[in-house]
Protein chains: 2
Amino acid sequence: MSDHRLKEALDTLKGSGVRITPQRHAVLEYLINSMSHPTADEIYKSLESKFPNMSVATVYNNLRVFREIGLVRELTYGDSSSRFDCNTTDHYHAICDHCGKIVDFHYPSLDEVESLAEQVTGFDVSNHRMEVYGTCEECKDKETQKH
Amino acid sequence: MSDHRLKEALDTLKGSGVRITPQRHAVLEYLINSMSHPTADEIYKSLESKFPNMSVATVYNNLRVFREIGLVRELTYGDSSSRFDCNTTDHYHAICDHCGKIVDFHYPSLDEVESLAEQVTGFDVSNHRMEVYGTCEECKDKETQKH
DNA sequence: TTATTAGATTAAAATCTTTATAAATAGTGT
DNA sequence: ACACTATTTATAAAGATTTTAATCTAATAA
């Protein structure tokens, strides 16, 4: 089902003149099939069996390439490592303060915020990012069970 | 002019039973007077002349203390180090993609986003964060001059 | 086809940020 | 003054990411 998105992503790569190596293909495929937002290390570990010789630097290098051509977004939260999201359609994230889970949700794009910010700050605004923080359902349940 | 905010912050510290050491005082003062959003290392370097023996761990420790009692916010963006913001009033950030400058701006709080996210994701949402990204005025000027 | 070259990968070391540890110091209350 | 606790310091350690240099691969040109 995500074959289509993978093909599209590969086309974007080709269009940018980026070589499609087996490692790149694998990282991209993993990102697209992953419903979560994996860290570089998670990707590295998951592909270890398929590519026993792959270096972690390769994962980082390729994630940078993907980011630079706009194929993936790098998400930096409080925790130590970056997470990578290849869902480039407009969406926002809900993040659980307890377990770190990230859930996507949609909301009409906040274009007004961008234009107001432009007026107030003098910036040329190109995009924005938003997250809500709180407690996910599972963690809520766990809390309730304790008491 | 920021004497008032400093005094307020010191009162908050006292109220939380946190000792006001010279180092803490200095870090807090620096944060309040700084209109930017400094990194731990920037704070450390700026206070080096006043406190030649201060350890960088002290800066981190105290920033954590301040964060825990809600006196400062930790901002994590794409770049490697966290930035610290002691402006706890509700505001958002505009971040320059070129030079990294951070400018504050105000916008009516996005309460609707929080409640919609709660409905869609099942989370208990406690707060949110938003930034806009683009090019600041100075960097725009530089670009124009080039051509 | 073969040689050349640019790009990509690998493995290792280096760097950078942040945290942990243990000893020294300073502050507080008795 | 004494004991107790919090804080600072210096150093080491951990963890994430980047850099380096060597090697390998794939595309191109002769």
Side-chain angles (χ1 to χ4, degrees), chain A residues 10 12-31 37-69 71-85 100, chain B residues 10 12-31 37-69 71-85 100:
Chain A
L10 292 172
T12 308
L13 278 186
K14 261 187 226 157
S16 308
V18 175
R19 268 189 213 161
I20 296 163
T21 64
Q23 293 90 336
R24 281 196 181 137
H25 191 284
V27 171
L28 206 47
E29 192 175 15
Y30 182 85
L31 268 171
H37 305 75
T39 63
D41 199 58
E42 277 164 18
I43 300 173
Y44 172 63
K45 288 221 167 62
S46 303
L47 300 180
E48 220 167 22
S49 50
K50 239 190 206 165
F51 296 86
N53 292 324
M54 186 164 65
S55 160
V56 68
T58 300
V59 176
Y60 278 104
N61 286 339
N62 290 334
L63 287 171
R64 174 155 28 89
V65 169
F66 297 159
R67 169 163 49 86
E68 278 167 0
I69 64 178
L71 220 45
V72 312
R73 275 190 247 170
E74 185 171 353
L75 311 170
T76 55
Y77 302 124
D79 55 347
S80 40
S81 12
S82 288
R83 302 184 157 275
F84 296 87
D85 181 2
Chain B
L10 291 172
T12 308
L13 278 187
K14 259 186 229 158
S16 308
V18 175
R19 270 190 212 159
I20 298 164
T21 64
Q23 293 90 337
R24 283 198 181 136
H25 192 284
V27 171
L28 206 49
E29 191 175 16
Y30 182 85
L31 268 172
H37 305 72
T39 63
D41 197 59
E42 277 164 17
I43 300 172
Y44 173 63
K45 288 218 166 64
S46 304
L47 299 181
E48 219 167 24
S49 51
K50 239 190 206 165
F51 297 85
N53 292 323
M54 185 165 65
S55 160
V56 68
T58 300
V59 176
Y60 278 102
N61 285 340
N62 289 333
L63 287 172
R64 173 156 31 86
V65 169
F66 297 161
R67 170 163 49 84
E68 277 167 0
I69 65 177
L71 221 45
V72 312
R73 273 191 250 172
E74 185 171 354
L75 311 171
T76 55
Y77 302 126
D79 54 348
S80 39
S81 11
S82 288
R83 301 183 159 276
F84 296 86
D85 183 359

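Small disclaimer: the values here were computed from a predicted structure and weren't measured. These numbers come from the heavy atoms of this one structure, side chains and all, not from hydrogens, waters or symmetry mates.
The shortest distance between side-chain heavy atoms of A/I43 and A/L63 falls below 4.5 Å. Side chains of A/L71 and A/L28 form a contact here, defined as non-hydrogen atoms less than 4.5 Å apart.
A/D85 CG to A/R73 CZ: the interatomic distance, rounded to the nearest 0.5 Å, is 6.0 Å.
Under the 3.5 Å distance criterion, the side-chain polar atoms of B/R24 are left unmatched by any main-chain donor or acceptor of B/N62. Proximity of a side-chain donor or acceptor of A/S55 to a complementary backbone N or O of A/A57 within less than 3.5 Å is detected.
Protein chain A touches strand DNA chain D; the 5'-most and 3'-most nucleotides with an atom under 4.0 angstrom of its non-hydrogen atoms are D/dA16 to D/dT19.
For A/E74, the side chain to side chain contact (heavy atoms under 4.5 Å, CB included) partners at least two apart in sequence or on another chain are A/R67, A/T76, A/S82, A/F84. Applying the side chain to side chain contact (heavy atoms under 4.5 Å, CB included) test to A/S80 and every residue at least two apart in sequence or in another chain returns nothing.
Of the residues in residues 12-29 of chain B, those with a non-hydrogen atom less than 4.0 angstrom from any atom of DNA chain D are B/R19, B/T21, B/Q23, B/R24.
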Taking distance alone, no hydrogens or angles, what donor-acceptor pairs closer than 3.5 Å link side-chain atoms of residues 44-53 of chain B to residues at least two apart or in another chain?
| from | atom 1 | to | atom 2 | distance (Å) |
| --- | --- | --- | --- | --- |
| B/K45 | NZ | B/D41 | OD2 | 2.6 |
| B/S46 | OG | B/Y30 | OH | 3.2 |
| B/S46 | OG | B/E42 | O | 2.7 |

Going 5' to 3' through nucleotides 14-19 of chain C and flagging B where a protein heavy-atom sits under 4.0 Å of the base, S where only the sugar-phosphate is that close, and - otherwise, we get ---SBB

